[in-house]
Structure formats: structure tokens, C-alpha cells
Amino acid sequence: KWLLARLERRLRSPRSEEPNALDLESLDVDHVLPISWFQYWPLADGSFASQEEVNTAIRMFLGDQQPDSRSAHMVLREMCKTRIGNLTLLNYGVNRGLQHFAFLRKREALFAESNLQLNRPLMRLDLWDENAIQRRGELLYDCARELWAGPTE
């Protein structure tokens, strides 16, 4: 939560009507792609997966079996859930009300409820998938590098 709050502050422009976000620590961390994505988030082929299928795919991935493309996609999705690109800040009530719903429903709530710079790019998307999570993670990484630059040679 602290990291996301710092990134939000960094993303705010001094020319903004609201250059300082108020009380970011009171917000909740939201997994845009939910931890339990099975009911509302189909795979790229349009099919839905169960927790049991995902567990089987993970065992295949960790074992010596070569997973098929559907199983590999399930494993990739599971790995993306906790990546920084999939995390954002939301009001506690909004987050709890939308926990597992599909992206377009979450996006509607962002338009209605969120004033965070962290969420603006999410509002422009029609699709939230593993590639979008990767791209957003890279953008947040670049922002973090500006905030916490390492020593220079």
C-alpha cells in the first residue's frame, strides 16, 4: 500500500487541481485481476477455468509435465495476480463491492469513484489481461526508478 501511495504522489502534477492526494493510506489495495478470477474473467479462448483446473495446471508447471497452452495461460494468469502492474488503490467500499467482477464493471467504478492518477490509465482500457498487467508494471517501474534512483557512477 505504501509503495502504491508513493507512486500515486509521484504521478500527480503540481499543476493539478488536486496536487496532493489526501489520506492515501486509508485506501485499500485492489487486485484489478482478482485473486479469485474464475467466475468473471474468461481466458483468452473465452472459456472459464475452475480453481481445481488452475491447481492442476500449476502442478503440471512445477512438475516435469509440459502444460498445454490453456494450462500455461492459467499459470501465467495466476502469476500476474500479484504483480505490481495488477495492483492499485481504491476506496475500501468500492473495492469490496467489486472484488471479483469483470474488468469493464471495475472500470465503470473507477470512472465514478476514483480521482487517482494511478487509475487513470486503467480507465482508458477496454481489456485487462496479462499483457496489460505487464505493460502497466513496466510504467510503474519507470516511475519508481525516478522516485528511488540508485547511485550514479
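All values below were derived from every heavy atom in this structure, side-chain atoms included, with hydrogens, water molecules and symmetry-related copies excluded.
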Is there side-chain contact between [X] and [Y], with at least one heavy-atom pair below 4.5 Å?
X: P34; Y: K106; value: yes
X: F38; Y: S50; value: no
X: L116; Y: L11; value: no
X: Q65; Y: S71; value: no
X: F48; Y: Q39; value: no
X: L90; Y: L110; value: yes
X: L87; Y: L4; value: yes
X: L27; Y: Y92; value: no

- Item | Side-chain donor-acceptor contact under 3.5 Å, E138 with Q134 | yes
With sequence neighbours left out, what residues match [X] under salt bridge (charged side-chain N to carboxylate O under 4.0 Å, His left out)?
X: R59; value: none
X: R96; value: D28
X: E53; value: R70
X: E52; value: none

Heavy atoms only: give me the nearest [X]-[Y] pair and the separation to one decimal.
X: M74; Y: A49; value: SD-CB, 3.5 Å
X: A72; Y: P67; value: N-CB, 4.1 Å
X: E8; Y: L118; value: OE1-N, 2.6 Å
X: H100; Y: S36; value: ND1-O, 3.3 Å

- Task: Report the C-alpha separation of I133 and I84 in whole Å, then their side-chain angles, then the decisive distance to 0.1 Å, and conclude whether the side-chain contact (heavy atoms from CB on, under 4.5 Å) test is met.
- Result: CA-CA 8 Å; I133 292 168; I84 189 72; over 6 Å; no
Do [X] and [Y] share a hydrophobic cluster, counting only Ile, Leu, Val, Met, Phe, Trp and Tyr and linking them when any side-chain heavy atoms are less than 4.5 Å apart?
X: L125; Y: L140; result: no
X: I58; Y: M60; result: no
X: L89; Y: M123; result: no
X: W41; Y: L122; result: yes
X: L104; Y: V32; result: yes

- Message: With a 3.5 Å distance limit and no angle check, can you tell me whether K1 reaches the backbone of V29 through a side-chain donor-acceptor pair?
- Response: no
- In this structure, NZ of K81 is separated from CG of L33 (nearest 0.5 Å) by 7.5 Å
- Which value, rounded to the nearest 0.5 Å, describes the distance between R9 atom CZ and L147 atom CG? 10.5 Å
With sequence neighbours left out, write down each residue that passes side chain to side chain contact (heavy atoms under 4.5 Å, CB included) with [X], or none if nothing qualifies.
X: N115; answer: E18
X: L139; answer: none
X: F101; answer: Y40, L98, R105
X: A144; answer: L7, W148

- Message: Considering only residues two or more places apart or on different chains, which pairs with a residue in residues 82-91 satisfy side-chain hydrogen bond (donor to acceptor under 3.5 Å, both in side chains)?
- Response: N86-W128, T88-N119
- Message: For Y141, I'd like to know if atom OH has over 12 heavy atoms of other residues, nucleotides or ligands within 6.0 Å.
- Response: no
side-chain hydrogen bond (donor to acceptor under 3.5 Å, both in side chains) against [X], all qualifying residues, sequence neighbours excluded:
X: Q117; answer: none
X: H31; answer: none
X: R136; answer: none

- After noting the C-alpha distance and the side-chain angles of L43 and W37, does the key distance pass the side-chain contact (heavy atoms from CB on, under 4.5 Å) rule? CA-CA 10 Å; L43 296 167; W37 53 267; 3.9 Å; yes
- Going by an N to O cut-off under 4.0 Å, is there a salt bridge joining R107 and D126? yes
